[in-house]
**Q** 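Can you read through this structure? Questions will come right after.
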Amino acid sequence: MSLTTVPTLAIRSGPSGHHSMPVLGFGTAASPLPEPTMLKETVIEAIKLGYRHFDTSPRYQTEEPIGEALAEAVSLGLVRSRSEFFVTTKLWCADAHGGLVVPAIKRSLKNLKLDYLDLYIIHWPVSSKPGKYKFPIDEDDFMPMDFEVVWSEMEECQRLGLAKCIGVSNFSCKKLQHILSIATIPPSVNQVEMSPIWQQRKLRELCRSNDIVVTAYSVLGSRGAFWGTPKIMESDVLKEIAEAKEKTVAQVSMRWAYEQGVSMVVKSFTKERLEENLKIFDWSLTEDETQRISTEIPQFRNVHGEVYTSKKGPIKSVAEMWDGEI
């Protein structure tokens, strides 16, 4: 099978520089967690197919097998060098404190067997008690983030050469505007939940006007995970479009996201699905099909905050992440 070349987006890497991000990434947020050997083999298979963008986090517990797979791919000659990969990992809530950010990225780099990241992002706009890595986070362990301190240390990660680009994840318009107001180096990416059932129009416009690339996750609803929803794969509108195009619902959803000008990370651990996900670049939606997705699909936030519930209902600190929008 011929290697698929995935299109790229230019993301900001400094005051005037840019770095190329493949628009389709291999995501590794899974429940239950993938077995490490299986994940390593799947990453190598993905590289053979043409994937070059890999997304992880200390929370996912997938950094080490990804690092092993990338190193093996280089040694096998599947790529010429590490520079062909785009690797993203994240700052977890327990490390989102003054003095802990640089040590956290260094731990991730050690796990990934890398000298630098292509992108390092704040995983959630809240902190939790240092040293406590339990997930879900206990209600009493949530803490407000000191955005000025944490973002200044994210900037230090870039200045030290530990990350080519820095960004955020799950930031609402309000919180993103706050980061922009204090940043010396603005975020290059905001990774958020986005799909045909949660289209994030207001947030995307804010990002576009500030040269921030949106990376979409849960484009297919993460069905099967404990935070997922079947609403995308069961959408009658998407099913009708897929049938007319002789594509799958997943491909229609991904193509829609691609045509919105965003990048995306999509999780799959089977070769068939990995191949299917790459087949979204040589066709397009019609204007009418795009309009149907925009106007006929009810908007429903597949709230990851449901993970953080207690007997009293959604935890207040999590609700504050989305400024009450949760």
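If you read the sequence from its start, that first residue is 1, and numbering goes on from there.
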**Q** Hey, can you tell me if His53 and Phe86 have their rings parallel, tilted or perpendicular (30° and 60° cut-offs)?
**A** perpendicular

**Q** So do the side chains of Val6 and Tyr51 get within less than 4.5 Å of each other, counting heavy atoms only?
**A** no

**Q** For Thr215 and Ser263, run side chain to side chain donor-acceptor pair (under 3.5 Å): C-alpha distance rounded to whole Å, both residues' side-chain angles, the deciding distance at 0.1 Å, then the answer.
**A** CA-CA 5 Å; Thr215 295; Ser263 64; 2.6 Å; yes

**Q** What I'd like to find out is whether the side chain of Met254 reaches to under 4.5 Å of the side chain of Val266, using heavy atoms alone.
**A** yes

**Q** Should we say atom NZ of Lys231 is surrounded by more than 12 heavy atoms from elsewhere, each under 6.0 Å from it?
**A**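 Atom NZ in Lys231 is not crowded, with 12 or fewer foreign heavy atoms closer than 6.0 Å.
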
**Q** Please lay out, stage by stage, how Glu193 and Ser218 fare under the test side chain to side chain donor-acceptor pair (under 3.5 Å).
**A** CA-CA 6 Å; Glu193 181 185 345; Ser218 291; 5.3 Å; no

**Q** In terms of the angle between their ring planes, are Phe26 and Phe269 parallel, tilted or perpendicular, with boundaries placed at 30° and 60°?
**A** tilted

**Q** Any idea which heavy atoms bring Asp140 and Lys129 closest together, and the distance?
**A** O-CE, 3.4 Å

**Q** Looking at Leu278 and Leu49, what are the two nearest heavy atoms and their distance?
**A** CD1-O, 3.7 Å

**Q** Is the shortest heavy-atom distance from the side chain of Met264 to the side chain of Val23 under 4.5 Å?
**A**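 The answer is no, as the side chains (C-beta and beyond) never meet within the 4.5 Å cut-off.
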
**Q** Between the side chains of Lys202 and Glu205, is the shortest nitrogen-to-carboxylate-oxygen separation below 4.0 Å, so that they form an ion pair?
**A** no

**Q** Would you say the side chain of Ser284 lies within less than 4.5 Å of the side chain of Arg255, judging by non-hydrogen atoms?
**A**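 Answer yes - side chains close enough.
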
**Q** Take Arg107 and Asp95, measure what salt bridge (charged side-chain N to carboxylate O under 4.0 Å, His left out) needs, and give me the verdict at the end.
**A** CA-CA 11 Å; Arg107 275 199 310 276; Asp95 295 315; 2.9 Å; yes

**Q** Hydrophobic cluster membership, with links at side-chain heavy-atom distances under 4.5 Å among I/L/V/M/F/W/Y: are Tyr60 and Ile121 in one?
**A**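 Different clusters: Tyr60 never reaches Ile121 through Ile, Leu, Val, Met, Phe, Trp or Tyr contacts under 4.5 Å.
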
**Q** In terms of side-chain geometry, is the basic nitrogen of Lys267 or Asp55 positioned less than 4.0 Å from the acidic oxygen of its partner?
**A**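 Here Lys267 does not pair with Asp55 in a salt bridge, since their nearest N and O are not under 4.0 Å apart.
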
**Q** A quick test of your reading: do over 12 heavy atoms of other residues, nucleotides or ligands sit less than 6.0 Å from CG of Asp115?
**A** no

**Q** Among Lys106, Glu64, Gln61, whose side chain to side chain contact (heavy atoms under 4.5 Å, CB included) with Asn111 holds?
**A** Glu64

**Q** Check Pro196 against Gln299 and note the closest heavy-atom contact, atom names and distance.
**A** O-NE2, 3.0 Å

**Q** Can you tell if the side chain of Ile293 reaches within under 4.5 Å of the side chain of Gln199, non-hydrogen atoms only?
**A** yes

**Q** Using a strict threshold of under 4.0 Å (side-chain N to carboxylate O), is an ion pair present between Glu243 and Lys239?
**A** no

**Q** Can you see which heavy atom on Gly261 is nearest to which on Leu9, and at what distance?
**A**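 Shortest heavy-atom contact: O-CD1, 3.8 Å.
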
**Q** Could you measure the distance from the CZ atom of Phe85 to the CG atom of Leu70? Nearest 0.5 Å is fine.
**A**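 It is 5.0 Å, given to the nearest 0.5 Å.
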
**Q** Restricting to non-hydrogen atoms, name the atom on Ala10 and the atom on Val213 that form the minimum distance, rounded to 0.1 Å.
**A**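 Looking at all heavy atoms of both residues, the shortest contact is O-CG2, 3.9 Å.
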
**Q** Is any side-chain heavy atom of Met233 closer than 4.5 Å to one of Leu238?
**A** no

**Q** Is it possible for you to check whether Lys164 lies under 6.0 Å from the centre of the six-membered ring of Tyr116, through NZ or CZ, and within 45° of that ring's axis?
**A**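 The answer is yes, since Lys164 meets both limits relative to Tyr116.
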
**Q** Below 4.5 Å, heavy atoms only, C-beta onward: do Lys279 and Lys247 meet side chain to side chain?
**A** no

**Q** I'd like to know if Asp118 pairs up with Arg82 as an ion pair, taking the criterion as any Lys NZ or Arg NE/NH1/NH2 lying under 4.0 Å from an Asp or Glu carboxylate oxygen.
**A** yes

**Q** So, Lys132 and Asp138, do they make that salt bridge, N to O below 4.0 Å?
**A** no

**Q** Looking at every non-hydrogen atom in both residues, tell me the closest pair between Leu203 and Ser172 and how far apart they are.
**A**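 Minimum heavy-atom separation between Leu203 and Ser172: CD1-C, 4.0 Å.
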
